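In what follows, chains are A, B, ... by sequence order, proteins preceding strands, each numbered from 1. Since the structure is predicted, the reported quantities are computational estimates derived from the model, not experimental observations.
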Amino acid sequence: MSDRPIHDSEAKWQEKWEKEGVYRAEDRTFPDQPHPNPLLRKERGSKFYGLIEFPYPSGDGLHVGHPRSFTAIDIFTRKRRMEGKNVLYPIGWDAFGLPTENYAIKTKTAPAIVTAQNIANFTRQLKSLGLGFDWSREVSTADPAYYKWTQWQFLQFVKAGLAYKAKSTINWCPKDKIGLANEEAQGGVCERCGTAVEKREKEQWMIKITKYAERLLKDLDTVDYLDRIKTQQVNWIGKSEGATIRFQVSGFRFQDGIEVFTTRPDTISGATFLVIAPEMAEAWMRDGWEPSEEVEKYVAMASRRSEQERAGAEREKGGVSSGLKTINPATKKEIPIWIADYVLASYGTGAIMAVPAHDERDDAFAKKFHLPGIFVCTREKDWSLEKAVNRSIEWLEKEGVGKRATTYKLRDWVFSRQRYWGEPIPLVHCESCAKKKQKVLLIHGFEGSAESNWFPWMKQELEKHGFEVFLPTLPDSSHPKFEEWMAALEPIIKQFGEDDIIVGHSLGGRSILHLLSRLKKRIGHVYLIAPAVWEKPLNWNEIKKDPNWEGSDVDTFRVFHDHAVSWEDARPYADRKTIIFSDDDPYVPVQDHSTIPAGWFIQTLHQKGHFNHTEYPELLELILQSKNTGWIPLPDDQLPLKLPEVEAYEPTDTGESPLAKIRLWVETTCPKCGGKAERETDTMPNWAGSSWYFLRYCDPHNDREFASPEKLKYWMPVDLYNGGMEHTTLHLLYSRFWHKFLWDMGYVPHECGSEPYRSRRSHGLILAQGGEKMSKSKGNVVNPDDVVAKYGADVFRIYEMFMGPFDQAVPWDTNGIEGVKRFLDKVWGLFNVGAIHELPLPDDGLQILYHQTVKKITDGIDQLQFNTCVSQLMILTNGFQDAGGVPEEYREGYLKLLAPFAPHLTEEIWRTQLSHKDSIHRSSWPSYDPTKIKSATFELVIQINGKVRDRITVATDIAEDEAKEVVLKSEKVLTWLAGKSPQKIVYVPGKLISIVV
RNA sequence: GCCCGGGUGGCGGAACUGGUAUACGCGGCGGACUUAAAAUCCGUAACCCGAAAGGGUGUGAGGGUUCGAUUCCCUCCCCGGGCACCA
């Protein structure tokens, strides 16, 4: 018997597979309509998209943890391929990031060069493992052809008003000299180096992920994630429902009072004082409040303290009286206002009402500062908590002192990094554009006027914010003539430019589409509010009968409406385009991107009616997002904005990115006005490029779009996504959010669904031999290269699957791997013993074992139970060995079951010994015969008083009476019964008989 | 403190909707082959009592439901992970 071929054979097949394109995914067209609920959609159509978190190509090379996840999904996708699916299993590089930059600083090598070297090494390592990646789709986030689209997508956030620059307190790591997101500074220490973070004020780009909090929470119901992953997401989003209550402040010149958030408004009578966060007090001081010296001292001290110190071990509550008083609206009693840092500025409203009787923290604070803690229970004894809360909110709303409110722990995403090795943020700051006065044109609808609905209010509000507002009453709006309206509007728009804004309601919204495509003039931002553009052709006879339209001149409206509009034609002439629907509108139903082409940002406000009220603060808020800040997006044709080459990568002590030092790069011209402008010097975080890479895999070489809608429609959503638990809060949340936004914009086709991952699983860590974490400093790191060199890839793969349950942490065991090697040696031996004509014929036992194994592997892989799959394959292998060989009729099936686990060895046997031309990995998955899984007889277990006393072999289909009869005759049973008669006999078919005496 | 996991032989771990606890692998022990060793193969193995047949005990601890509990319920202990002054 020859030795099992390893290294030469493995390398040979790896090359051959690549040449033959065995793992190449084939782009096809979208075959069928997916079910609207992704959970029920299952794996639709002919495709299967399996995804692993693309690795960060660190200088240390592949860790043994990477192959655990990669091999698992490799096995899964190989099986799907053999089941006839068109499989996409791609690989790429999360290539931007700090370690590379730090290495570059140390060695004075360009990060791009370091990255290229690391990628080459990772590629070599991954290829040596025989993973069935489609290498033709390889992407790298640091490749300008890739980050062009990361930048472009970021600009879509800017244009939709979801990105903004704000001065915020950031977590500053003094060692790495970098601002960290809250998520990266958990526990008050830097995630990377463990140094305690400081608080610093810095202008940062932020993305409004909080706007998506509710959807990110609710849509978890539509995906199949591991429960603990869902739980972590839910906790991270941290929704709480309750009320905001406004407390009037006597003697303070800000008339708005103080708003607090509480989940227990029913306890308001017990509120004996208010507490505000020091940051709030600081803000008041900036606005002119002059507190006592003591307060000033306290606030200054609190702002110096880091989050970590504030949340520190003892949690000794500090605070100071503000000297201000307010009135408890329930008891009408005067209560004091305190300032204390146990109240967080960033949660709720930054202020609380303290109810010592109900809240431990308030109680501790009250005791320490000798504040009153009266207990007044407003809750009727038999009310549930929910009812009490609801009643109290009703009372607050009736009194006009408070209202129902929901808050989330989730904060906006701090998107800026003051570092070199990341995507440059493609914005320039133009002083002269910032100063320009912007025009707004408000267009009313059918039967409207400058005095109707919310127009007068909106005009006034916008003027307060410095806009020049045009609000014409259009001719004869009850009997609108198309050309007359156009003639009234066109001269106004002719004065408009790329900074200006048009807002149209209903028929006015429809008119915007006409105006843009007629005038072909570029406008800044258009808002179509419940635009009179319907998804389906209108049935005019029905409209005439509709009571909502009663008394209206439907015929004239119809003539106007017959002038066709096109979303597509209008699209190029407005830089930003927002459509707003009300979700309960009698005239205009909510539309989505199945009818409106990509590029329009569709928002649905939870409003009743057709926007006929006099005030809409939400609309105002949206329009104010178009207010020019002087930050100008680069036009698409100037993307990618490439990272300039620099000599020194050190971040600066001032907190600015190294890019700020390159004046030649920073100084540029404004793409809008052509004047002098300066580039943004911050770069994007790692989370940016990894938020959409799964979309790029669908169409990795596209240079006109980040991915074509056709390809996205075919491949998305990802069917199975596996990654580490360390990414279940941040990466998973960010990428879900990013994807939802692109979906909202229509760039991800509607058919894909708004959730990127149909299912998400997680693998456990691989620990070092003793059970502790692997780390370089402990010197207990196992290098995959060494394992592959010694045993080959097949053994390495199977060992990693066999170690323990996939989702649990397991320690590496040098001895354990030997068993796997023996297993594959045995397999090889089975195909090398004697001549083929000496093969045994299958007996009953072997037949059952084979069919059971097929079933077990078929189900087991789908459930990611790889460890038990391997043991079952070992059992079958032992069975064949005992029988003296593999019976002819099981040879191919057996090999195929093994193929996903040991792709090289099985291919070697398949092609060399069984003389197949095509790869085993493109063969079909074996099936089993359910009737051959059960044996004709089984061992009936006999229990007497719960103890096993005998076993009798009986026919599988034995009847209950017959079984009982046989059992009661058994000698052992008679002995144990000792003459007594059974009180009860329980029969479990196919299993046992339990006799109670 | 709160929320998730998880505690099964010497070790990694199996056990379907409650139904023979310890599959498979490692390691151990005994044997075969060999001059010898390695490799391979065969056998053995939870613990206690017993020469054996056999009996008893046993899935972190205690209790409960059940003819029957690793599995379901209650209380508690330990380990791992996440969140943590979130009003």
Are a donor atom and an acceptor atom from the side chains of A:Tyr791 and A:Glu818 found within less than 3.5 Å of each other? yes

Given the C1' atoms of B:G10 and B:G19, what is the spacing between them in whole Å? 30 Å

Of the candidates B:G6, B:C85, B:G25, the side chain of A:Gln808 sits closest to B:G6

Do NZ/NE/NH1/NH2 and the carboxylate oxygens of A:Arg404 and A:Glu241 come within less than 4.0 Å? no

Roughly, in whole Å, what's the span from CD in A:Glu818 to P in B:G28? 12 Å

Assign A:Trp976 to base, sugar-phosphate, or nothing according to its heavy-atom contacts below 4.0 angstrom with the strands shown. sugar-phosphate

Salt-bridge present (A:Glu360, A:Lys367; N to O < 4.0 Å): no

Expressed in whole Å, how much space separates the P atoms belonging to B:G12 and B:G7? 11 Å

Rounded to whole Å, please give me the gap between CZ in A:Phe261 and P in B:C85. 17 Å

Would you indicate what A:Gln769 reaches in the nucleic acid, counting non-hydrogen atoms under 4.0 angstrom: base, sugar-phosphate, or nothing? nothing

Just to confirm, is there a sub-4.0 Å distance from OP1 or OP2 of B:U40 to any side-chain nitrogen or oxygen of A:Gln881? no

Please give the distance between the P atoms of B:G5 and B:A87 as a whole number of Å. 22 Å

Which nucleotide in B:G19, B:C67, B:C85 has an atom nearest any side-chain atom of A:Lys991: B:G19

Counting only Watson-Crick or G-U wobble pairs whose two distances fall under 3.5 Å, which nucleotide matches B:C26? B:G10

Below 3.5 Å, does any donor atom in the side chain of A:Gln943 face an acceptor in the base of B:G19, or the other way round? yes

Working note: A:Leu220 + A:Gln233, criterion side chain to side chain contact (heavy atoms under 4.5 Å, CB included); need CA distance, chi angles, decisive distance, verdict. CA-CA 9 Å; A:Leu220 285 173; A:Gln233 294 253 312; 3.9 Å; yes

Go ahead and name the base partner of B:A52; Watson-Crick or wobble counts if both distances stay under 3.5 Å, otherwise write none. none

OP1 or OP2 of B:A87 versus the side-chain N and O atoms of A:Tyr347: is any pair under 4.0 Å? yes

At under 4.0 Å, does any side-chain N or O of A:Arg949 touch on OP1 or OP2 of B:G54? no

Just how far, in rounded Å, is P of B:C11 from CZ of A:Phe802? 17 Å

For the side chain of A:Arg228, counting heavy atoms from C-beta on, which of B:C67, B:A87, B:C4 is nearest? B:C4

Considering every strand and a 4.0 Å limit on heavy-atom distances, what is the contact class for A:Asn878: base, sugar-phosphate, or nothing? sugar-phosphate

A:Lys947 side-chain N/O to B:U57 phosphate OP1/OP2 under 4.0 Å: yes

Whole-angstrom distance between B:A39 and B:C26, as gauged at atom P: 12 Å

Taking the C1' atom in each of B:U75 and B:U22, what is the distance between them to the nearest angstrom? 28 Å

How many whole angstroms separate atom NZ of A:Lys367 from atom P of B:C85? 21 Å

So what does A:Val988 touch, heavy atoms closer than 4.0 Å: a base, only the sugar-phosphate, or nothing? base

Rounded P spacing from B:U70 to B:C16 in Å: 13 Å

How far, in whole Å, is B:G13 from B:A69 if one measures between their P atoms? 26 Å

Under 4.0 Å between any heavy atoms, over every strand shown, what does A:Glu939 touch: base, sugar-phosphate, or nothing? Just pick one. base

Write down the partner of B:G80 under the Watson-Crick or G-U wobble criteria, each distance required to be under 3.5 Å. B:C4

Would you please indicate yes or no on a ring centroid separation below 6.0 angstrom for A:Tyr212 and A:Trp413? no

Both A:Ile875 and A:Met725 contact RNA chain B. Which one's nearest nucleotide lies toward the 5' end? A:Ile875

How are the rings of A:Trp338 and A:Phe369 set to each other: parallel, tilted or perpendicular (split at 30° and 60°)? tilted

Is B:G80 in the syn range, within 90° of 0, or in the anti range? anti

Quick note, A:Ser994 side chain, CB onward, closest among B:G19, B:G27, B:G56 is B:G19

Within the structure shown, what part of the strands sits under 4.0 Å from A:Ser240 by heavy-atom distance: base, sugar-phosphate, or nothing? sugar-phosphate

Could you tell me the separation between the CG atom of A:Leu274 and the P atom of B:A87, rounded to a whole number of Å? 17 Å

Quick check on RNA chain B: between A:Pro805 and A:Asp359, whose nearest nucleotide comes earlier from the 5' end? A:Pro805

Against the side chain of A:Leu992, the closest entry in B:A87, B:C67, B:G19 is B:G19

Are any of A:Arg822's side-chain N or O atoms less than 4.0 Å away from OP1 or OP2 of B:C26? yes

Is the backbone N or O of A:Ile268 less than 3.5 Å from a side-chain atom of A:Asn328, with the two atoms forming a donor-acceptor pair by type? yes

Does a side-chain N-to-carboxylate-O contact under 4.0 Å join A:Asp786 and A:Lys790? no

Closest listed nucleotide, where the reference is the side chain of A:Met874 and the choices are B:C41, B:C24, B:A14: B:C24

Grab the CG-P distance between A:Asn815 and B:G27 for me, whole Å please. 5 Å

When you compare B:G25 with B:U40, how far apart are their P atoms, in angstrom units rounded to a whole number? 13 Å

Sugar-phosphate, base or nothing in reach of A:Asn867, heavy atoms under 4.0 Å: sugar-phosphate

Nearest-angstrom distance from the residue atom CD of A:Glu241 to P of B:A87: 12 Å

To the nearest Å, give me how far apart NZ (A:Lys856) and P (B:A23) are. 13 Å

